[in-house]
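Numbers for residues simply follow the sequence, beginning at 1. Whatever order the structure lists them in is the order used to number ligands and atoms, beginning at 1. This one's a predicted model, so the numbers in the text were calculated from it and none came from an experiment.
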Amino acid sequence: MAQTTVVSAPGKVLISGGYLVLDPKYSGTVVSTSSRFYTVVRDDISTSSNSIRVRSPQFLDATWGYSVSTAEGTVAVEALSTKYVCAHLEPISSEMTSTCTSKSNNKFVHLALQSTLTLAAEISGIASVGERLSRGLDISIVGDNDFYSQRETLAALNLPRTLASLHQIPPFMPTKGPLSSVHKTGLGSSAALITSLVSALLLHFSSIPASALDTPKSPGRALAHNLAQYVHCRAQGKVGSGFDVAAAVFGSHRYTRFNPDVIDGLMGAENLRSQVLRPILSPENEDWDHVIRPFKLPPLTRLMLADVDAGSDTPSLVGKVLKWRNSNPEDSLALWTSLDKLNTQLAATLVDLSDLHDKDPGSYITAVKYIASMQAIQAIRAKMRDMGERSGVPIEPPEQTQLLDACVALAGVVGGGVPGAGGYDAIWLLVCEPLDVAPDIPPRERVENVWANYTALDVSPLSVVESLAGGVRVEAIDSIRGLEEATRPV
Ligand SMILES: Nc1ncnc2c1ncn2[C@@H]1O[C@H](COP(=O)(O)OP(=O)(O)OP(=O)(O)O)[C@@H](O)[C@H]1O
Ligand SMILES: C[C@@](O)(CCOP(=O)(O)O)CC(=O)O
């Protein structure tokens, strides 16, 4: 019987621990977002047997075709030619003629398919994979609007850059351009994409139990994590800390990275067909020594994110900071030690606030009205600026400092900073959401007013908030507004 598997995974915001989290001696605090990536896997006879069509309908020319061979007892996923994709697989909607120039391949998608089907064959047998593929697969991938700047859409709708305006934009809005030219907002699109894709495939091929993603911890979720980390690192050609994939899999948490040696043997392998993945990626492999500790933002606070239209190249920033660290061991150790202490203090304070709410909601609600700017957040900003100045990297450049200071000065703004590697990409704020603030203006509205009228930088809000829904999960396609329509095969 034809089967459809739908899986989503959240984006991420690293609110503290940027750079330090690359070293397993330190931890970072990552918040998973309400904005999610969705993968829909459909048995689809319109694609020929043993072929897979992958579509990203939010982009032009974003259809990729793959043939799968299991003839030699191993799985081989080959990218089909652009010509074949355009002639046989590119969905051409009735009102448009084909201008198909689909790129012949998508490295991230290709590697996810090859690795997951190889693992599926190791777990369930090559015959099982072949049987599942006998009808062909149609895979569609969409991301919530916040992953991509909506500035142009708001302008076209003549709407102001406010949270209310963002809610007027239809879900899964087409970007009207190719993937290569989209303006991302830094929520970890590739990590969320890879996590939802490999998890959906593991479920579709029955490599993990259907219930594997029903609980925050399970061997199936752990396997999906390890596989997603490997695929993401290999596709990116580098091993970052992995906090973004960990947030996509587990949701908000305090993260300590895994030792990159665990996938060392896989990263350089030329012949992906002959790889034996299961022993290395198995959740029973204790070399996966990452640590996931519970964390969530306190009740009656709200994460607010702004997309600052300047953009930064994270790998370049990371390279410069690590070069400074290696060239200044004593200086950097002192700074990282003090920064880590503040990072840990911030996380502990936020967790304590959640515990306070659980113990005495009434008192907590009153307290929220009077929370002063949490000094640790400000001190962390100062240390991150210091690290940037010492390493010659614009971690919190003056323009971002000016914007953040303008926001933190507002009543009800607990604090904020530059997420992750920093730079000019974005800022985050933690804002009180008191139940009743009349006759005052709610803090969220104060921030929106500053952002809407800010001229020194081009600041646009994202609608995203923290998600307490946890990490990757199975979805019912009809329960997600617009998903069935956005991913329906043309
Ligand atoms: N919506 C999508 N559909 C298909 N492939 C995608 C999509 N988004 C990203 N990819 C794949 O992932 C690769 C890396 O994407 P991207 O540069 O957005 O990752 P990223 O740096 O993690 O993004 P972010 O800045 O949001 O964290 C792209 O080159 C493409 O191959
Ligand atoms: C700088 C770093 O610690 C965080 C990067 O975060 P972001 O991609 O800027 O959100 C790199 C990493 O952890 O992989």
Mind checking the OH-CE spacing from Tyr230 to Met267? Nearest 0.5 Å is all I need.
7.5 Å
Using a 4.0 Å cut-off to any heavy atom of Val318, which atoms of ligand 2 qualify?
1 (C)
Kindly say whether Val245 contributes a backbone atom to a donor-acceptor pair with the side chain of His225 at under 3.5 angstrom?
no
Could an N or O of ligand 1 be found under 3.5 Å from any N or O of Gly188, whether backbone or side chain?
yes
Taking Asp331 first and then Arg325, would you say they form a salt bridge - that is, a charged N and a carboxylate O separated by under 4.0 Å?
no
Quick note on ligand 2: atoms under 4.0 Å from a heavy atom of Phe243 include exactly 4 (C), 5 (C), 6 (O), 10 (O), 13 (O)
Tell me whether Ser8 contacts the main-chain N or O of Arg36 through its side chain, where contact means a donor paired with an acceptor under 3.5 Å.
no
Report the nearest protein non-hydrogen atom to atom 20 (P) of ligand 1: residue, atom name, distance rounded to 0.1 Å.
Ser190 OG, 3.5 Å
One residue to check: Asp244. Relative to ligand 2, which of side chain, backbone, both or neither has a non-hydrogen atom less than 4.0 Å away?
neither
Pull out every atom of ligand 1 sitting under 4.0 Å from any heavy atom of Leu179, numbered as shown with elements.
2 (C), 4 (C), 5 (N), 6 (C), 7 (C), 8 (N), 10 (N), 30 (C)
Less than 3.5 Å between some nitrogen or oxygen of Ala421 and one of ligand 2, yes or no?
yes
Below a 4.0 angstrom heavy-atom separation, can you tell me which part of Val142, side chain or backbone, both or neither, approaches ligand 1?
neither
To the nearest 0.5 Å, what is the distance between NZ (Lys323) and OG (Ser332)?
14.5 Å
Could you tell me whether Leu193 approaches ligand 1 through its side chain, its backbone, both or neither, with non-hydrogen atoms closer than 4.0 Å?
side chain
I need the nearest protein heavy-atom contact for atom 23 (O) of ligand 1: residue, atom name and distance, please.
Ser189 OG, 3.0 Å
Tell me whether Lys12 reaches ligand 2 (any heavy atom closer than 4.0 angstrom to a ligand atom).
yes
For atom 1 (N) of ligand 1, what's the nearest protein heavy atom and its distance?
Tyr148 OH, 3.3 Å
Show me which atoms of ligand 2 lie under 4.0 Å from any heavy atom of Gly420.
6 (O), 7 (P), 9 (O), 10 (O)
Enumerated ligand 2 atoms positioned under 4.0 Å from heavy atoms of Val21:
3 (O), 13 (O)
Distance from atom 4 (C) of ligand 1 to nearest protein heavy atom, with residue and atom
Ser56 OG, 3.2 Å
Under 4.0 Å from any heavy atom of Gly240, which atoms of ligand 2 are there?
14 (O)
Quick one: nearest non-hydrogen protein atom to atom 13 (O) of ligand 2, plus distance?
Ser241 OG, 2.6 Å
So, Lys12 side chain and Asp244 main chain: donor-acceptor pair closer than 3.5 Å or not?
no
Would the distance check show the side chain of Arg221 and the main-chain N or O of Val249 forming a donor-acceptor pair, the cut-off being under 3.5 Å?
yes
Donor-acceptor pair between Ser190 and His232 side chains, under 3.5 angstrom:
yes
Aromatic plane relationship, Phe258 with Trp288 - under 30° parallel, 30 to 60° tilted, over 60° perpendicular
tilted
Subset of ligand 1 atoms that lie under 4.0 Å from at least one heavy atom of Leu187
26 (O)
Using modelled atom types only, decide if a donor and an acceptor are shared between the side chain of Gln400 and the backbone of Gly423 within a distance under 3.5 Å.
yes
Tell me if a side-chain donor or acceptor on Asn145 pairs with a main-chain N or O of Phe172 at a distance below 3.5 Å.
yes
Tell me: protein heavy atom nearest atom 2 (C) of ligand 2, and distance?
Tyr19 N, 3.9 Å
What's the shortest distance from atom 31 (O) of ligand 1 to any protein heavy atom, and which residue and atom give it?
Asn106 OD1, 2.9 Å
Short question: side chain of Arg257, backbone of Gly240 - any donor-acceptor pair under 3.5 Å?
yes
Of the backbone atoms (N, CA, C, O) and the side-chain heavy atoms from C-beta on, which set of Phe147 has a member under 4.0 Å from an atom of ligand 1: side chain, backbone, both, or neither?
neither
So which protein heavy atom does atom 25 (O) of ligand 1 come closest to, and at what separation?
Lys184 NZ, 3.4 Å
Side chain of Ser56, backbone of Gln58: donor and acceptor closer than 3.5 Å?
no
